[in-house]
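Residue numbers start at 1 and run along the sequence shown. What you see below is based on every heavy atom in this structure, not just the backbone, and it leaves out hydrogens, waters and symmetry mates. Because the structure is predicted, anything quoted here is derived from the model rather than measured.
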Amino acid sequence: MTPIQAGPLPTIEWIADEFLHNARRGRRLVAVDGADPEASTRLADELAAAIAARLTTAGNSGDDTSGTGTAVVRRSVGAVDETVLRADLVDPFRARTLPGAEGDDVVLGVDGQHLLDDAVRGVWHYSVWTLAGDELPNSGASVIVDVTDPDRPTRYYYDFCAIPPSVNRPGLH
């Protein structure tokens, strides 16, 4: 893996800027998953705060669900399967019945395990995989972040050709 930490912004702010650049408005879903659930939760909290700060700076309230501003809503789901994830979170979010996420312009940040499994990977507009050691990254993530040093997360671009086909996602062999 090759670390990439270029530019004046810390990794979390850089990722928030990238997400908001690619998904400027609307009802957006962001997933954070990884081998260490605590590290994923921490990064998801920091990312949600960074997104909210950028939206507030841009003139949005960051917590308005009336449809006129942008809300940033956080949920932790733990180890969850597709059926529960869709029934308890994704479907209510899309139906505008998820508490706090009723407006037209909402970012829902979710952390948990199995969020990047093939069955639900396409649900997310943006996804982050946290590396907590020497494990292989999830090749379906939008961004890979090494959180081995929790006070200094580092973004990585991974050579997915180096992942053995036996551990890679189906369809990427």
Quiz item: Would Val30 and Val107 satisfy side-chain contact (heavy atoms from CB on, under 4.5 Å), going step by step from the backbone distance to the final call?
Solution: CA-CA 7 Å; Val30 178; Val107 176; 4.1 Å; yes

Practice problem: May I have the step-by-step check of side-chain contact (heavy atoms from CB on, under 4.5 Å) for Asp149 and Thr154, ending in yes or no? | Solution: CA-CA 9 Å; Asp149 178 354; Thr154 306; over 6 Å; no

Self-check item: Full working for side-chain contact (heavy atoms from CB on, under 4.5 Å) between Arg86 and Val120
Solution: CA-CA 9 Å; Arg86 288 183 186 272; Val120 293; 4.3 Å; yes

Quiz item: Would Arg42 and Glu38 satisfy salt bridge (Lys or Arg N to Asp or Glu O under 4.0 Å), going step by step from the backbone distance to the final call?
Solution: CA-CA 6 Å; Arg42 178 178 174 175; Glu38 290 178 17; over 6 Å; no

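A heavy-atom distance below 4.5 Å is found between the side chains of Leu85 and Val90. You'll find the side chain of Arg96 reaches within 4.5 Å of the side chain of Asp104, heavy atoms only.
Annotation: side chain to side chain donor-acceptor pair (under 3.5 Å) contacts of Asp134 (sequence neighbours excluded): none. By the side chain to side chain donor-acceptor pair (under 3.5 Å) test, Asp111 is found to be paired with Thr41, Arg74, Ser76, residues two or more places apart in sequence or in another chain being considered. Phe93 is linked by a ring-ring contact (aromatic ring centres under 6.0 Å, His included) to nothing, counting only residues two or more places apart in sequence or in another chain.
Here the straight-line distance linking atom CG of Leu108 with atom NE2 of His125 works out to 10.5 Å at 0.5 Å rounding. Taken to the nearest 0.5 Å, the CD1 atom of Ile12 stands 4.0 Å off from the CG atom of Leu43. Atom CD of residue Glu102 and atom CZ of residue Arg27 lie 8.0 Å apart, to the nearest 0.5 angstrom. Taking CD1 from Ile51 and CD from Glu46, the interatomic distance works out to 12.0 Å, rounded to the nearest 0.5 Å.
Summarising the geometry of Val73 relative to Gly100, their closest heavy-atom pair is CG2-O, 3.1 Å, with the distance given to 0.1 Å. Residues Ala31 and Leu116 approach most closely at CB-CD2, 4.5 Å, considering heavy atoms. When all heavy atoms of Arg54 and Ala16 are compared, the closest pair comes out as CD-CB, 3.9 Å. The nearest pair of heavy atoms linking Arg75 to Pro99 is NH2-O, 2.7 Å. Between Gln113 and Ala79, the shortest heavy-atom distance links the atoms OE1-N, 3.0 Å. The two residues Ser127 and Ala141 make their nearest non-hydrogen contact at OG-CA, 3.3 Å.
In this structure a side-chain-to-backbone donor-acceptor pair under 3.5 Å is present from Arg28 to Arg24. Judged by distance alone, with hydrogens and angles left aside, the side-chain atoms of Asp117 form no donor-acceptor pair with the main-chain N or O of Ala119 at under 3.5 Å. Between the side chain of Asp81 and the main chain of Val84, a donor-acceptor pair closer than 3.5 Å is present. Side-chain N or O atoms of Trp124 include none that pairs as donor or acceptor with a backbone N or O of Ser142 at under 3.5 Å.
Just one residue in the list Asp146, Ile144, Thr11 forms a side-chain contact (heavy atoms from CB on, under 4.5 Å) with Arg155, and that residue is Thr11. The one candidate from Val77, Val32, Asp33 that meets the side-chain contact (heavy atoms from CB on, under 4.5 Å) condition with Val110 is Val77.
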